[in-house]
Structure formats: C-alpha cells, structure tokens
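Only one structure is covered here, and it is reproduced in the block below.
Heads up: numbering here begins at 1 and tracks the sequence.
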Amino acid sequence: MSLVLAALFVVFLLLGLPIALAIGSATMAALHLESMPLMAVPQQMFAGINSFALVAVPMFVLAGDVMAQGQVSRRLVAFADSLFGFLKGGLSIASILAGMFFAAISGSGAATTAAVGSSLVPELKRKGYDPAAAASLIAASGTIGVVIPPSVPMIIYAVIAQESVAALFLSGVIPGLAMGLGLGLIAILQAYRRAYPHGTAFSLRTIGRTFVSASWGLVTPVIILGGIFSGVFTPSEAAVVAVNYAILVSLFVYRDQTLADLYHLVVRAGVTTAVIMFVISASAVLSWTLSSWQVPGAIAAFVLSLSTNTAVLLLLILALILVTGVFIETASALIILTPILLPLALQLGLDPVHFGVVLVVGLAIGMVTPPVAINLFVASSITALPLERIARAVLPYLAVLIAVLLLVAYLPLLI
C-alpha cells in the first residue's frame with residue numbers, strides 16, 4: 001500500500017496540486033483504500049502542529065520580513081563592504097558576509113537572498129561584475145539563511161525528531177561558517193580570473209561609521225542567540241523578542257516603515273506561516289500512516305542490507321537528500337524525510353542533532369538546484385535575468401556547497 005501512496009503523491013504533484021494538498025490527498029486516499037478510519041486524519045493534523053516550539057516559526061518569519069523591508073539589510077551590506085570591499089572582487093565577499101549577517105536575523109534562505117540581492121546587485125552590475133555570476137553567488141549565499149541560527153527548518157526538524165532547538169541552533173553555526181568560507185574562496189578565484197575591480201578603499205573610519213550605522217541590526221542575533229544559549233528565554237520566546245525588537249528599530253530608530261507597512265508585513269507573515277503549518281499538519285498524517293505500516297523500519301532494513309559499510313550507507317542517504325531537495329521545497333522535504341531517514345540514521349550510530357544539521361544543509365542546497373530552486377527564482381526576479389543563465393553560473397558554488405555537506409556529514413566533530 002505504501003507504493004500506492006507514493007504513486008498517488010506523484011500523480012497529484014504532476015496534476016499541479018500544491019505540495020500540502022498532494023500529501024494530504026494521497027494519504028487520505030491510501031487510508032480509504034486500506035479501510036482505515038479517516039477520523040484519524042484531523043486528529044493527527046492537529047497533533048502535528050500542537051507544539052509550543054512551532055510558535056517560533058511565525059515570529060521569526062515576521063522578524064525577518066520587518067528587517068528585510070527596512071534599512072537593516074542595506075546597512076549590513078555597507079558594513080560588510082567596508083570590511084572586505086578593498087579586495088579584488090571585494091563586493092563578492094561583501095555579499096557573502098552580508099548574507100551571513102542577515103541569515104542570523106531572518107532564518108530564511110529566500111528572505112536572505114531578497115534582502116542582500118536587492119541592495120547589492122545594482123552595485124555589482126555598476127562595477128562590471130558578471131550579472132549572472134553575481135546573482136548566482138547571492139542565491140548560493142542565501143542557502144546559509146537556513147543553516148546559521150535562527151533557522152526555521154531546524155525548528156521544524158526539532159519538533160518532528162523531539163530534539164532540542166537550542167542544540168540544533170548551536171550545531172548549525174560552524175557548518176554555516178564553512179559554507180560562507182567555501183563560497184568566498186570560489187568568489188575570490190573568479191574575481192582574479194575575470195579581473196574584477198577592487199572595491200571601497202580600506203578605512204578604519206569607514207568601518208567604524210558603517211558599524212555604528214548597522215549596529216542595531218548586528219545586535220539582533222546577539223539578543224536572539226545570547227538569550228537562548230544563556231537560558232534567559234526559550235527559542236519561541238526569543239522569536240517574540242526578535243519581532244518586538246525589529247518593530248521598535250524599524251518604527252522608532254531607523255523610522256523606515258509605517259504602521260501601514262507593518263500591517264502588510266504581518267498579513268504576509270501570516271500567509272507564509274499558514275502555508276508552512278498546512279504542510280506540517282498534512283505531513284504529520286503521512287508520517288503517522290507510514291509509521292502504522294512500519295515503512296521506516298522496512299526502508300531502514302532494505303538500506304542496511306545493501307552494504308555493511310557505514311560510509312557507503314551515509315553516502316546513499318546524502319544522495320537521497322540531495323535528489324529530494326531538487327524536486328521538493330525545503331520545509332516539505334524535511335517533514336517527509338525526517339520520519340523515514342531518522343530511524344536509519346540512528347541505526348548507523350549517527351547523533352540525531354548531527355543528522356538534523358546534515359539534513360538541513362543537504363536540503364538547503366536544493367534552494368539553488370533547479371527545478372525547485374527558490375533562491376534562484378528570487379535572484380532572477382531581482383536581476384531580471386533568465387533563470388537558465390543564473391542556473392549555469394551557480395554550478396561552481398553548488399559544487400562547494402556539496403563539498404561542505406560531505407564534510408559536515410563525515411566529520412561530525414565539526415559540529
């Protein structure tokens with residue numbers, strides 16, 4: 001029956017149904033064919049989202065939107081440029097650093113791409129950078145947005161796997177920095193090969209001025225992560241603190257938004273959250289159904305029968321994660337894969353927190369891998385470049401992100 005469920009899911013996707021409806025419809029049809037009580041569907045849907053940790057999701061989404069729409073992103077970009085702009089191709093490094101700064105605020109890859117891209121792409125074009133390469137670099141940097149804490153996908157994984165959100169946040173720091181370092185190396189090599197110009201001259205005065213200007217944004221992750229790791233508040237409480245801080249900064253410090261703007265951002269964050277919660281609730285029914293049919297155990301037994309080498313089995317898992325990320329959006333893929341792959345990872349002796357970081361990093365790569373490459377679509381809309389050009393230019397960055405995934409997977413001491 002699990003094969004029937006999978007076939008129905010693929011058919012519904014091909015018919016153009018949204019991912020949540022495809023999951024829910026396929027699961028209900030399979031349950032009906034098995035003569036299982038459909039009353040379990042609403043019960044499991046409610047159980048799937050009945051978690052205090054999920055309160056953090058809409059809050060971090062709103063905090064990221066408020067920061068992205070105001071002057072925070074532009075000030076972060078200016079500060080990053082003052083640090084590394086003097087290098088050959090320094091704007092490329094500045095775009096990565098700005099992406100990492102904003103990632104520590106938003107928790108979203110698409111939001112990071114949009115915020116940094118809208119501020120930096122015009123300047124990159126003006127200084128003679130290849131537009132497609134610049135757009136692809138910013139899109140690739142956006143993947144760090146779901147790895148460096150706070151991270152919405154890590155919150156979702158923590159709820160499904162019943163692990164600590166704080167532990168996952170802490171474990172995402174070094175992989176996120178490694179992703180930024182790898183992208184920076186490729187950017188520098190391209191800068192010398194293409195003879196990109198030097199950027200802003202190095203000046204301690206400029207660094208000080210831009211630091212002060214960006215300090216309200218830079219202190220945001222300090223408040224969020226410092227509060228979580230010190231035990232002052234939980235991740236959900238930290239998300240609420242982040243929203244209030246972002247609103248106060250936008251309304252009264254930078255004064256770059258009005259109450260009307262804030263209203264529209266709240267509505268948009270509500271719509272985004274509703275979609276996420278619908279996917280989670282539908283996937284909860286799918287997970288319950290698969291568990292009832294003992295599918296995760298059967299898959300684990302099958303994979304373990306293929307080889308006795310843990311390294312080989314881990315490589316198979318990574319391949320499955322990457323392929324899934326190519327075709328399914330990150331949050332949806334995370335919700336589908338976690339209950340299937342986590343039991344297998346535990347049998348391989350992997351720490352569940354370590355595996356969660358591996359899963360999030362692997363699925364983040366899907367954000368820049370067509371056809372479902374949300375960061376590339378955002379970059380394309382910002383630059384008005386064809387998606388095909390950006391997709392070709394992103395290949396070197398894609399290679400280094402996969403290399404980082406392998407390091408994170410095989411060297412758990414890194415995290």
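Residues Y397 and I186 share a closest heavy-atom pair of CE2-CG2, 3.5 Å. Residues A139 and A379 share a closest heavy-atom pair of CB-CB, 4.1 Å. Scanning all heavy atoms of the two residues, the minimum distance from V285 to V41 falls at CG2-O, 3.6 Å. Residues V147 and G176 come closest through the heavy atom pair CG1-N, 3.6 Å. Smallest separation of non-hydrogen atoms from L168 and A158: CD1-CB, 3.5 Å. The heavy-atom pair separating I321 from L363 by the smallest distance is O-CD2, 3.6 Å.
By the salt bridge (charged side-chain N to carboxylate O under 4.0 Å, His left out) test, R255 pairs with no residue at all, sequence neighbours left out. Checked against side-chain contact (heavy atoms from CB on, under 4.5 Å), T143 has the following partners two or more places apart in sequence or in another chain: M179, A364, M367, V368, N375, L401.
Looking at S281, its side chain does come within 3.5 Å of a backbone N or O of M277 through a donor-acceptor pair. Side-chain atoms of S151 do not come within 3.5 Å of backbone N or O of I148 as any donor-acceptor pair. Under a 3.5 Å cut-off, the side chain of S136 and the backbone N or O of A133 do form a donor-acceptor pair. A donor-acceptor distance shorter than 3.5 angstrom exists from the side chain of H354 to the backbone of V408, with no hydrogens or angles considered. Put simply, the side chain of E163 never gets that close to the backbone of Y157: no donor and acceptor are under 3.5 Å apart.
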Q.
Before you tell me yes or no, could you show the steps for V360 and M154 under side-chain contact (heavy atoms from CB on, under 4.5 Å), namely the whole-Å CA-CA distance, both residues' side-chain angles and the distance that decides it to 0.1 Å?
A. CA-CA 7 Å; V360 170; M154 284 189 181; 3.9 Å; yes
Q.
Using side-chain contact (heavy atoms from CB on, under 4.5 Å), reason through S141 and L183 one step at a time and then give a plain yes or no.
A. CA-CA 7 Å; S141 302; L183 294 175; 4.1 Å; yes
**Q.** Derivation of the side-chain contact (heavy atoms from CB on, under 4.5 Å) call for L137 and S95
**A.** CA-CA 8 Å; L137 174 59; S95 66; 3.6 Å; yes
Q: Could you please spell out the steps behind the side-chain contact (heavy atoms from CB on, under 4.5 Å) verdict for V66 and L262?
A: CA-CA 7 Å; V66 173; L262 184 60; 4.0 Å; yes
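The line from OG1 of T220 to CG of L218 is 8.0 Å long, rounded to the nearest 0.5 Å. Here L204 contributes atom CG and R209 contributes atom CZ; the two are 13.0 Å apart, rounded to the nearest 0.5 Å. The distance from atom CD1 of I365 to atom CG of L405, rounded to the nearest 0.5 Å, is 4.5 Å. Atom CG of L322 is separated from atom OG1 of T369 by 7.5 Å, given to the nearest 0.5 angstrom. A distance of 11.0 Å separates CG of L316 from CG of L341, quoted to the nearest 0.5 Å. Residue L346 holds its CG atom at 8.5 Å from CZ of F355, rounded to the nearest 0.5 Å.
Counted within 6.0 Å of OH on Y254, heavy atoms from surrounding residues, nucleotides or ligands total more than 12; the atom is thus considered enclosed. With a 6.0 Å radius and a threshold of 12 heavy atoms from other residues, nucleotides or ligands, F46 has its CZ atom at or below the threshold. Heavy atoms of other residues, nucleotides or ligands lying less than 6.0 angstrom from CZ of R193 number more than 12.
Here F101 and F79 bring their ring centres to under 6.0 angstrom of each other.
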Using residues 239-247 as the side-chain source, report each donor-acceptor pair under 3.5 Å to any protein atom, sequence neighbours left out, with the distance given to one decimal.
| from | atom 1 | to | atom 2 | distance (Å) |
| --- | --- | --- | --- | --- |
| N244 | ND2 | V240 | O | 2.8 |
| Y245 | OH | W216 | O | 2.6 |

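Side-chain contact check for I160 versus P339: some heavy-atom pair is nearer than 4.5 Å. For the pair P352 and L342, the minimum side-chain heavy-atom distance is below 4.5 Å.
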